[in-house]
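First comes the structure, then the notes that go with it.
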Protein chains: 2
Amino acid sequence: MAYTYEFPRPALTVDCVVFGLDEENLLKILLIQRNLAPFENQWALPGGFVRIEESLETAARRELVEETGLENVFLEQLYTFGSCDRDPRDRVVTVAYYGLVNLWEYRLKAATDARDTRWFAVADLPPLAFDHEAIVQLALTRLKGKVRYEPIGFELLPEKFTLTQLQRLYETILEQELDKRNFRKKILKMNLLIQLDEYQTGVSHRAARLYRFDPEKYRNLKKKGFNFEI
Amino acid sequence: MAYTYEFPRPALTVDCVVFGLDEENLLKILLIQRNLAPFENQWALPGGFVRIEESLETAARRELVEETGLENVFLEQLYTFGSCDRDPRDRVVTVAYYGLVNLWEYRLKAATDARDTRWFAVADLPPLAFDHEAIVQLALTRLKGKVRYEPIGFELLPEKFTLTQLQRLYETILEQELDKRNFRKKILKMNLLIQLDEYQTGVSHRAARLYRFDPEKYRNLKKKGFNFEI
DNA sequence: ACAAAAGTGTTGCTTCTACACCCATGC
DNA sequence: GCATGGGTGTAGAAGCAACACTTTTGT
């Protein structure tokens, strides 16, 4: 039950910064409360050790399921953090991922899990364990940058959404207001959205039309040199 | 002289994709010839094991010096490769970096080193060890993407360069021709270049004016919301 | 009828693209 | 004097930013 190597090896972990957007357009991150030292009882990113027989992304997905119940989320590698002192016990290198989930559909799922997990607004995060604050900062920067030139924002919305929801999403992430008419013109001209014959329900005002993002169309346009840009 | 852990740990390495641009505007990568199994005698990216007391970037820089003699190069983390079968002997996770060097000045230095190192044109790479082809591909994609919205291209040029050299650099990396007048207008309007009172020497035609990139100006403009873009 | 958000066009301005000729230098 | 690349301006097209009112629906 022990593994011996000629040279010392850092431990290898994965950590996930999972973003969600709630009904009030607050950008949130999923955290878990640690029940082990160090940083016992502090909030931390979901994550854990990479097993010897699994790839990094597999490890990240496994930890997400185990710790938060989230499955099939959009997940991309963010950065690898390897300073020597980031874990007080041991040399631990962590490969960080960022994820995007649709909070409208996933909220209940995550809540049913055994571990103490919670969504926190990014503007109002508790102190985090290890260097997780730095990881979150980098994830935010990456999200802000990437959302402008890749159509990943749709991962944060339900499959069918209104143009106003989409606009609010960009306004929240980019932290700037956008002009309604210009936004709609721009996004519709790209031809990436499918206009549905369905409308919002349960709102006390004129119901907005629903749209769906078409990843297939995007792949095709991209092959022809099209560049998404907000 | 042995290190024992409760759970098995992947080995951790770093690898560097170092780009250089030669006098004929060929984009090149620095490779070393392996003298150990596996992949003995094959070409590979410079790199090696991360020591327990050094950070990832420190390890990358150390390996670069040891294996190629290159020092003080621009270096940025690229991606971490961790599939289980990427090394036939053992589970090895590698953190890849990409680097940019000024070939005009560094060419001799690298050549003086003991190991068998060589610059290869990216269009004409030999077969590479491990998954290094994939790493190189990703580095190329990243370089192509990043060079457009961050002024990193200057790292590939001598400190003093002509606008034509700069234009050729972009044409090479982006793999597209650019209009001379439009390019010059655009780049000069950004106010990032310092016009020198010096000119090319040793050319058999009108000597071109030399310019220098001003990183200080760039930092200032960036703080004020300026975005570099080619 | 009122409140709340949906939906829709035009104009001026800026930026981008396309394009051709004279200039300076070394041989 | 010729070959080589250096250096420069303009016009038309496209894209961007700014801006306000009517429509629909629920209460």
Interatomic spacing from [atom1] in [X] to [atom2] in [Y] - rounded to 0.5 Å:
X        : Y        : atom1 : atom2 : value
A:Tyr199 : A:Thr201 : OH    : OG1   : 13.5 Å
B:Trp119 : B:Phe19  : CH2   : CZ    : 10.0 Å
A:Phe161 : A:Glu159 : CZ    : CD    : 9.5 Å
A:Thr68  : A:Glu63  : OG1   : CD    : 10.0 Å

At under 4.0 Å between heavy atoms, what does B:Thr164 touch on the DNA or RNA strands: base, sugar-phosphate, or nothing?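 Sugar-phosphate contact only - B:Thr164 comes under 4.0 Å of backbone atoms but never of a base.
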
Can you give me every donor-acceptor pair (side chain of residues 183-195 of chain A, partner residue at least two apart or in another chain, under 3.5 Å) with its distance?
{"from": "A:Lys185", "atom 1": "NZ", "to": "A:Asn182", "atom 2": "OD1", "distance (Å)": "3.2"}
{"from": "A:Gln195", "atom 1": "NE2", "to": "A:Tyr211", "atom 2": "OH", "distance (Å)": "3.3"}

Can you tell whether the side chains of A:Glu76 and A:Lys146 come within less than 4.0 Å, N to carboxylate O?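 A salt bridge is present here (some side-chain N lies under 4.0 Å from a carboxylate O).
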
Do A:Asn41 and A:Asn35 make a side-chain contact, defined as non-hydrogen atoms from C-beta onward lying under 4.5 Å apart?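 No, too far: nothing below the 4.5 Å cut-off.
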
Compile the donor-acceptor pairs under 3.5 Å between side chains in residues 126-138 of chain B and protein atoms, sequence neighbours left out, one pair per line.
{"from": "B:Asp131", "atom 1": "OD1", "to": "B:Arg86", "atom 2": "NE", "distance (Å)": "3.3"}
{"from": "B:Asp131", "atom 1": "OD1", "to": "B:Arg86", "atom 2": "NH2", "distance (Å)": "2.9"}
{"from": "B:Asp131", "atom 1": "OD2", "to": "B:Arg86", "atom 2": "NE", "distance (Å)": "2.7"}
{"from": "B:His132", "atom 1": "ND1", "to": "B:Leu45", "atom 2": "N", "distance (Å)": "3.0"}
{"from": "B:Glu133", "atom 1": "OE2", "to": "B:Leu128", "atom 2": "N", "distance (Å)": "3.0"}

With a 4.0 angstrom cut-off to heavy atoms of chain A, pull out the first and last contacting nucleotide of DNA chain C, in 5'-to-3' order.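 Range of nucleotides touched by chain A: C:dA4 to C:dT10.
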
Let me check something: any side-chain donor-acceptor pairs from residues 219-230 of chain B under 3.5 Å, sequence neighbours excluded? List them with distances.
{"from": "B:Arg219", "atom 1": "NH2", "to": "B:Glu216", "atom 2": "OE1", "distance (Å)": "2.8"}
{"from": "B:Asn220", "atom 1": "ND2", "to": "B:Glu216", "atom 2": "O", "distance (Å)": "3.4"}

DNA chain D: B:Gln200 or A:Ala207, which has the more 5' nearest nucleotide?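 Nearest nucleotide further toward 5': that of B:Gln200.
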
Quickly, which of A:Thr58, A:Thr80, A:Leu75, A:Val95 forms a side-chain contact (heavy atoms from CB on, under 4.5 Å) with A:Val14? Name it, please.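 Looking at A:Thr58, A:Thr80, A:Leu75, A:Val95, the match for A:Val14 under the side-chain contact (heavy atoms from CB on, under 4.5 Å) is A:Val95.
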
For DNA chain D, which nucleotides open and close the run of contacts to chain A, 5' to 3', at under 4.0 angstrom from a non-hydrogen atom?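 Endpoints of the contacted stretch of DNA chain D: D:dA17 to D:dG26.
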
Contacting residues from residues 175-189 of chain B, given that a heavy atom lies under 4.0 angstrom of DNA chain C: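 Residues of residues 175-189 of chain B that come under 4.0 Å of DNA chain C are, in numerical order, B:Asp179, B:Arg181, B:Asn182, B:Lys185.
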
